[in-house]
Amino acid sequence: MEREEFLEVYRHSLAHILAKAVIEIYGKDVQYAIGPQIADGFYYDFVMPEGVQVKQDDFKTIEDKMREIIKRRETWTRKEVTKAEALEIFKDQKFKTELINDLPEDETITIYLTGDDFVDLCRGPHIENSQELMNAAFEIRSVSGAYWRGDEHRDSMLRIYAYAFPDKNALKAHKNMIKEAMERDHKKIGSELSLFMFDETAPGMPYWLPRGWKMYQALLKFSREIQEKHGYTEISAPLINNKKLWLISGHWAHYVNNMFMVPGVSGWLKADANIEEVIENLQDPEAPAKNVKIAAGSAVYNREAEDTMAAKPMNCPNAMMTYKRTVHSYKELPIRYSEYDVLHRKEKSGQMNGLFRVQEFRQDDDHTFVMESQIEDEIADIIAIADEIYSTFGVTYRAEFSTRPDDFMGDIEVWNRAEAALKKILDKKYGEGGYEINEGDGAFYGPKIDLQIKDALGREWQCGTIQLDFQLPHNFGLTYQTQDGNLEMPVVIHRAIYGSLERFIGIIIENFKGIFPFWLSPYQVAVVPIREEHNEYAKKVMDALQAAGIRAEADYSDKNMKEKIKAFKSYKDPYILVLGDKEAAENTVSVNVRGNKQMNNVPLDVFLGLCEKMNREHSLEVIDHID
RNA sequence: GCUGGAAUGGCGCUGUCGGUAGCGCAACUGAUUCGUAAUCAGUAGGUCGAGGGUUCAAGUCCCUUUUCCAGCUCCA
């Protein structure tokens, strides 16, 4: 048996054992749903009897029960049954019943019995006797909430996750790997390197500390340089707009629950009332309406007041307004408005995650206004930019193409032509099958290409995105004048390459483990005068570094040099210059390269030259020798 | 929003059966003036996330709540 197949059978069989154990512990009222294998083990979804909780303390009980079941060396029996028989067997199991009912009429249904008291609906294959699992190494990892069939409006279930490997060593090795991945966690490194912080008064809104902000600026500078070369022009626009704008863009109708409101002065009402039919949870269309008593003397705000403003969750509406300022000729297109403004998106609690998911962030955003005939070339250029940027960081990405959904807006012919153009570029760039296609997953306003990057734990995050938009130009009534004098509507391309700067920084912190390329390092060079009498020369070196555009920091204090070096090393500065009598006399620097290589007595000019070279070329490697 | 965890000086942690908070690093002061990752001595810093409750007594037990983490769902 191949290793993969072996793992699959093992894990899947263990999932059945888990379900059997849970039923033996918590009783026959447990509803069991599905228990697939995953990358490092398996999970099983249950609905527990009323009032039953499964906590970390219970994991051992469940594991022990599973081991006890395995030790019974029960035989596994595969049976083929008819749909009617299956429905009878699982008549008390609502999820199994639903699964069976969804199967085609003529499908052969297989069930597996473990011993004679546990039966599961399953395609198999499985082991033949529980004793085959005697050496299996497994461990309950965690429990989590999950929704039946991934739909938050359906049953809320308890998902039990477990690691599972063929033997103890493999499990141990895997847990070690997880531990090492956690060492790369950007939240941990960000704190150690003093890059950013959070405070509970601003959930999901990073404070960028001096060192982190240096890096942030370096990323912005890099983005601006590249976009300048590609004909982009940068704008900046209001961070809050009156709700009139959001009514035009459609955000008031579709996105208002994710927007931070800025009340005006007129909408405050003194309340002393009973309000009927209040839907408290706007996120949930099924939420029951309630009667709400507003205490006498309370003030409530009417969001629909005319002076209500809201912080922008996206830049698009302002870019539309900017385009609309004057009439445009076809000769001007494409027009590219890039924008790095601060965005706010209110998230449901439990959605935030370090820098990966925040409520306040900046995108390397752009809105490009094109004629339909220009879409193909423009997208090709955007993908070229994405390649240039991602390769500079040495990260790999995966492209996903999302096509027309059922509730699409606009002309189907335009959609077809646009999708064909996108597909042509993707095929050329990544090869057929070199990217994922999500049929019907596009936005209602246009097809899109998403670029996904993995974090240290292998979770994928969407960074880059390229979206065509046929809706906003329509909502804002955008036009351009064609060669024959007619007015036509431009197509808008929304695109971001980093995606959010915050998320991207999180990704690269984990990718580089905090050991950044020279051009990206918060401080690039640290200066250590050996004794206070060397401060004068150190200042001269600092001036030269700063004049060359190099981010440098120095420690002129009377601490001993070992302490100074230690502090800079903990910040992972690429170069530490040690300056004493010899260097001052010869106008040189002695360089300790991150990773502990040494370059001694380097003429200052030569050192400046190699720093400038790395900044210019955005090199991934730090130069550690002089040719 | 859902499930399960967590929160103790700036950071990392200990705190037993409920008995009135400790340690390391960092900081500060003094001495040391030093050639590549921890010199020595001393000092200061905490209403234990917030609110309420039980108790003679709460970091510890109970309730509420905020934030964070791992998942689910949603997303850049």
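Each chain gets a letter, A, B and so on, in the order the sequences are listed, and its residues count up from 1.
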Original post:
Rounded to whole angstrom units, what separation is found between the CG atom of A:Asp441 and the C1' atom of B:C75?
Top reply: 12 Å

Original post:
Which letter, B, S or -, goes with each nucleotide of nucleotides 39-50 of chain B from 5' to 3', with contact meaning a protein heavy atom under 4.0 Å?
Top reply: B-----------

Original post:
Which is true for A:Gly354 with a 4.0 Å heavy-atom rule: it touches a base, it touches only sugar-phosphate, or it touches nothing?
Top reply: sugar-phosphate

Subject >> Atom P, compared across B:C23 and B:G5: separation rounded to whole Å >> reply: 32 Å

**OP:** Select one nucleotide: of B:C68, B:A37, B:G35, the one nearest the side-chain heavy atoms of A:Ile565.
**Re:** B:A37

**OP:** Indicate, with a heavy-atom threshold strictly under 4.0 Å, whether A:Ser570 touches base, sugar-phosphate, or nothing.
**Re:** nothing

Original post:
Taking atom C1' in both B:G12 and B:G52, what distance in whole Å separates the two?
Top reply: 32 Å

Original post:
Is A:Gln53 touching bases, backbone alone, or none of the nucleic acid, heavy atoms closer than 4.0 Å?
Top reply: sugar-phosphate

**OP:** Indicate yes or no for a side-chain donor-acceptor contact from A:Thr465 to the backbone of A:Arg495 under 3.5 Å, with no hydrogens or angles considered.
**Re:** no

Subject >> Base-pairing string, 5' to 3', of RNA chain B - Watson-Crick or wobble, under 3.5 Å, | interstrand >> reply: (((((((..((((.....[..)))).(((((.......))))).....(((((..]....))))))))))))....

**OP:** Verify the ring-centre separation between A:Phe504 and A:Phe393: is it less than 6.0 angstrom?
**Re:** yes

Original post:
Taking for each residue the nucleotide of RNA chain B bearing the nearest heavy atom, is the 5' side occupied by A:Glu360 or by A:Gly580?
Top reply: A:Gly580

**OP:** Tell me whether the guanidinium CZ or amine NZ of A:Arg224 lies under 6.0 angstrom from the six-membered ring centre of A:Tyr340 and within 45° of its axis.
**Re:** yes

**OP:** Would you mind reading off the distance between A:Tyr207 atom OH and B:U67 atom P, rounded to a whole angstrom?
**Re:** 14 Å

**OP:** Can you label the angle between the A:Tyr390 ring and the A:Tyr397 ring as parallel, tilted or perpendicular, going by 30° and 60°?
**Re:** tilted

**OP:** Provide the distance between the two P atoms, one in B:U32 and one in B:C69, to the nearest whole Å.
**Re:** 48 Å

Subject >> Heavy-atom donor-acceptor pair, A:Asp58 side chain to A:Lys55 backbone, under 3.5 Å >> reply: yes

Original post:
If you look at every strand shown and take non-hydrogen atoms under 4.0 Å, does A:Lys569 touch a base, only sugar-phosphate, or nothing?
Top reply: base

Original post:
Do the ring centers of A:Tyr575 and A:Phe607 come within less than 6.0 Å of each other?
Top reply: yes

Subject >> Nearest-nucleotide pick for A:Asp558, side chain only, options being B:G4, B:U36, B:U33 >> reply: B:U33

Find every protein N or O atom lying less than 3.5 Å from an N or O atom of nucleotides 11-18 of chain B, and list the pairs.
none

Original post:
What is the nucleic acid contact for A:Gly204, judged by heavy atoms within less than 4.0 Å: base, sugar-phosphate only, or nothing?
Top reply: sugar-phosphate

Subject >> By side chain to side chain donor-acceptor pair (under 3.5 Å) - contacts of A:Trp246 (at least two apart) >> reply: none

Original post:
In terms of side-chain heavy atoms of A:Ile530, which of B:G35, B:U36, B:U67 is nearest?
Top reply: B:G35

**OP:** Nearest-nucleotide wise, let me know which of A:Glu533 and A:Val358 is further upstream toward the 5' end of RNA chain B.
**Re:** A:Glu533

Original post:
Quick one: does A:Asp469's side chain have a donor or acceptor within less than 3.5 Å of a partner on A:Leu472's backbone?
Top reply: yes

Original post:
Got A:Glu583 and A:Leu577 here, is their nearest side-chain heavy-atom distance under 4.5 Å?
Top reply: no

Original post:
Among A:Tyr44, A:Phe59, A:Tyr43, whose ring-ring contact (aromatic ring centres under 6.0 Å, His included) with A:Tyr161 holds?
Top reply: A:Tyr43

**OP:** Please confirm whether A:Arg345 makes a cation-pi placement over A:Phe260, using NZ or CZ under 6.0 Å from the six-membered ring centre and within 45° of the ring normal.
**Re:** no

Original post:
Base, sugar-phosphate alone, or nothing: which one does A:Lys582 contact when heavy atoms must sit under 4.0 Å apart?
Top reply: base

**OP:** Considering only atom C1', compute the distance from B:A7 to B:G51 and round it to an integer number of Å.
**Re:** 16 Å

**OP:** Looking at every strand, decide which applies to A:Met352 at a 4.0 Å heavy-atom threshold: base, sugar-phosphate, or nothing.
**Re:** sugar-phosphate

**OP:** Rounded to whole angstrom, note down the C1' distance from B:U33 over to B:U47.
**Re:** 44 Å

Original post:
Under 4.0 angstrom, heavy atoms only, what part of the nucleic acid is A:Asp57 near: base, sugar-phosphate, or nothing?
Top reply: nothing

Scan nucleotides 71-73 of chain B against the protein and return all N/O pairs shorter than 3.5 Å with their distances rounded to 0.1 Å.
| unit_1 | atom_1 | unit_2 | atom_2 | d |
| --- | --- | --- | --- | --- |
| B:G71 | OP1 | A:Arg459 | NH1 | 3.3 |
| B:G71 | OP2 | A:Arg459 | NH1 | 2.7 |
| B:G71 | O3' | A:Tyr161 | OH | 3.4 |
| B:G71 | O2' | A:Ser144 | OG | 3.1 |
| B:G71 | O2' | A:Tyr161 | OH | 2.7 |
| B:G71 | N2 | A:Gly145 | N | 2.8 |
| B:G71 | N2 | A:Gly145 | O | 3.1 |
| B:C72 | O4' | A:Gly145 | O | 3.3 |
| B:C72 | O2' | A:Tyr147 | N | 3.4 |
| B:C72 | N4 | A:Gln351 | NE2 | 3.2 |
| B:U73 | O2 | A:Gln351 | OE1 | 3.4 |
| B:U73 | N3 | A:Gln351 | OE1 | 3.3 |
| B:U73 | N3 | A:Gln351 | NE2 | 3.2 |

Original post:
According to a strict under-4.0 Å criterion, is A:Lys566 in side-chain N/O contact with OP1 or OP2 of B:A26?
Top reply: yes

**OP:** Give the rounded distance in Å between these two atoms: CD of A:Glu400 and P of B:C75.
**Re:** 12 Å

Original post:
Can you check the A:Met561 CE to B:U36 C1' distance for me, whole Å?
Top reply: 4 Å

Subject >> For atom CG of A:Asn601 and atom P of B:G35, their distance in whole Å >> reply: 16 Å

**OP:** Evaluate whether atom NZ of A:Lys65 has more than 12 neighbouring non-hydrogen atoms of other residues, nucleotides or ligands under 6.0 angstrom away.
**Re:** yes

Subject >> Protein-nucleotide distance (A:Asp624, atom CG; B:U36, atom C1'), rounded to Å >> reply: 16 Å

Original post:
How far does the C1' atom of B:G53 sit from the matching atom of B:U60, given to the nearest Å?
Top reply: 15 Å

Subject >> Under-4.0 Å side-chain N/O to phosphate OP1/OP2 contact, A:Lys346 with B:C74 >> reply: no

Original post:
Distance between the C1' atoms of B:G24 and B:G45, in whole angstroms?
Top reply: 15 Å

**OP:** Using the C1' atom on both, measure B:A21 against B:U16 and round to a whole Å.
**Re:** 14 Å

Subject >> Donor-acceptor contact below 3.5 Å, side chain A:Lys539 vs main chain A:Tyr556 >> reply: no

Original post:
Do A:Gln598 side-chain and B:G35 base share a donor-acceptor contact under 3.5 Å?
Top reply: no

**OP:** Determine the contact category for A:Leu158: base if any of its heavy atoms lies under 4.0 Å from a base atom, sugar-phosphate if only primed atoms, P, OP1 or OP2 are that close, otherwise nothing.
**Re:** sugar-phosphate

**OP:** Answer yes or no: is there a side-chain heavy-atom contact under 4.5 Å between A:Asn353 and A:Arg459?
**Re:** yes

**OP:** Decide yes or no on salt bridge (charged side-chain N to carboxylate O under 4.0 Å, His left out) for A:Arg531 and A:Asp581, but give the supporting numbers first.
**Re:** CA-CA 9 Å; A:Arg531 291 188 305 279; A:Asp581 293 332; 3.5 Å; yes

Original post:
Should we say atom CD of A:Glu536 is surrounded by more than 12 heavy atoms from elsewhere, each under 6.0 Å from it?
Top reply: no

Donor-acceptor list for residues 198-210 of chain A side chains, cut-off 3.5 Å, not counting sequence neighbours:
| unit_1 | atom_1 | unit_2 | atom_2 | d |
| --- | --- | --- | --- | --- |
| A:Asp199 | OD2 | A:Thr201 | N | 2.9 |
| A:Asp199 | OD2 | A:Thr201 | OG1 | 2.6 |

